[in-house]
Amino acid sequence: MRLTEVYFTMLTLAFGMMVFSVAQQWRSFTGGSDGITGFTVGAFGLGLDLNLGNPAVYYHLTLVIVTLAAICLYLITISPFGLILRAMAENHERVAFTGIPVRRYRLYSFAISGAFSGLAGGLFAPFTRVASPETLHWSQSAEPVLMSILGGSATFLGPFIGSAIFVLLETWITSFTDRWMLFLGIALALMVMYLRRGLLGTALDRLTRRG
């Protein structure tokens, strides 16, 4: 929490790769490169007749959980805590001058981000029936960043739209070539140069100007 900007980014990537290396080599606990397999997905419980082994049931359960998580995130963003985080993103030095403990709020935001990321991982592992060390690789951390850039990180719904576009582009491009990351990288480079606020952010800006 003492580091900021690119130093913070490099440190988090370094810790991520350290954990990835440990998971790869600790075969007795993680299964190594094979990961943890043998998930049994059965009834949901709580008196509900839901079989999570049914893909349709698991999809709808995931949809409900993601919707509730999105509502929770939205409430956080419009709360006084969320406003402080937005102010810190604009200018953390001015926020610190007001007496707000910036480092503590960064720790809170980091913990919240980790909690929702863990929720996503908890939903993903039963879906694929395997918990692989590959999910700890730095490239997995880069995907949400790319999704946010595509949709626009300055808006709440931007990352949601960006994630949908990311998955659609990946599915569409991989049907033609295995080098889909090359073409996606080109698209991102063009967006950074010409659509700096992402698709949703740029669209909202243009609508505001017309209005």
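In the hydrophobic clustering of this structure, Trp172 groups with Phe183; members are Ile, Leu, Val, Met, Phe, Trp, Tyr whose side-chain heavy atoms approach within less than 4.5 Å, directly or through other members. Leu83 is not connected to Met88 by any chain of hydrophobic side-chain contacts under 4.5 Å among Ile, Leu, Val, Met, Phe, Trp and Tyr, and they are in different clusters. Val167 and Ile186 fall into different hydrophobic clusters, where Ile, Leu, Val, Met, Phe, Trp and Tyr are joined by side-chain heavy atoms under 4.5 Å apart, directly or via other members. Following chains of ILVMFWY side-chain contacts shorter than 4.5 Å, one cannot reach Leu73 starting from Val64, and the two form parts of different hydrophobic clusters. A continuous path of Ile, Leu, Val, Met, Phe, Trp and Tyr side chains, each step under 4.5 Å between heavy atoms, connects Val145 with Met147, placing both in one hydrophobic cluster.
What you find for Leu63 and Thr67 is that their closest heavy atoms are O-OG1, 2.7 Å. Taking both residues in full, the closest heavy atoms of Pro159 and Gly152 are given as CD-O, 3.6 Å, listed atom of the first, atom of the second, then distance.
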* To do: Could you walk me through whether Tyr108 and Ile84 pass the side chain to side chain contact (heavy atoms under 4.5 Å, CB included) test, one step at a time?
  => CA-CA 12 Å; Tyr108 294 158; Ile84 292 175; over 6 Å; no
* To do: Determine, step by step, whether Val95 and Tyr105 satisfy the side chain to side chain contact (heavy atoms under 4.5 Å, CB included) criterion, reporting the C-alpha distance in whole Å, the side-chain angles of both residues, the deciding distance to 0.1 Å, and the verdict.
  => CA-CA 11 Å; Val95 175; Tyr105 275 83; over 6 Å; no
* **Criterion side chain to side chain contact (heavy atoms under 4.5 Å, CB included) on Ile78 and Tyr74, from CA distance to verdict** => CA-CA 6 Å; Ile78 63 176; Tyr74 179 74; 3.8 Å; yes
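For Ser79 (side chain) and Ile76 (main-chain N/O), a donor-acceptor pair under 3.5 Å exists by modelled atom type. Side-chain N or O atoms of His60 include one that pairs as donor or acceptor with a backbone N or O of Ala56 at under 3.5 Å. Remark: side-chain polar atoms of Ser113 are not paired, donor with acceptor, to backbone N or O of Ser109 under 3.5 angstrom.
Interatomic distance, Leu123 CG to Leu61 CG, rounded to the nearest 0.5 Å: 7.0 Å. Rounding to the nearest 0.5 Å gives a distance of 10.0 Å between CD1 of Ile100 and CG of Leu85. Between atom CG of residue Leu150 and atom CG of residue Leu200 there is a gap of 12.0 Å, rounded to the nearest 0.5 Å. Taking CD of Gln140 as the start and CZ of Phe20 as the end, the distance is 10.0 Å to the nearest 0.5 Å. Taking CZ of Arg104 as the reference point, atom CG of Leu107 lies at 9.5 Å (rounded to 0.5 Å). With values rounded to the nearest 0.5 angstrom, Glu134 atom CD is found 5.5 Å from Gln24 atom CD.
Relative ring orientation between Phe156 and Phe160 is described as tilted, the plane-to-plane angle lying within the 30° to 60° band.
Within a 6.0 Å radius of CE in Met17, other residues, nucleotides and ligands contribute more than 12 heavy atoms. Around the CZ atom of Phe116, the shell of radius 6.0 Å holds more than 12 heavy atoms that belong to other residues, nucleotides or ligands.
Aromatic ring centroids of Phe127 and Tyr59 lie 6.0 Å or more apart.
When only modelled atom types and interatomic distance are considered, Ser28 and Trp26 share a side-chain donor-acceptor pair under 3.5 Å.
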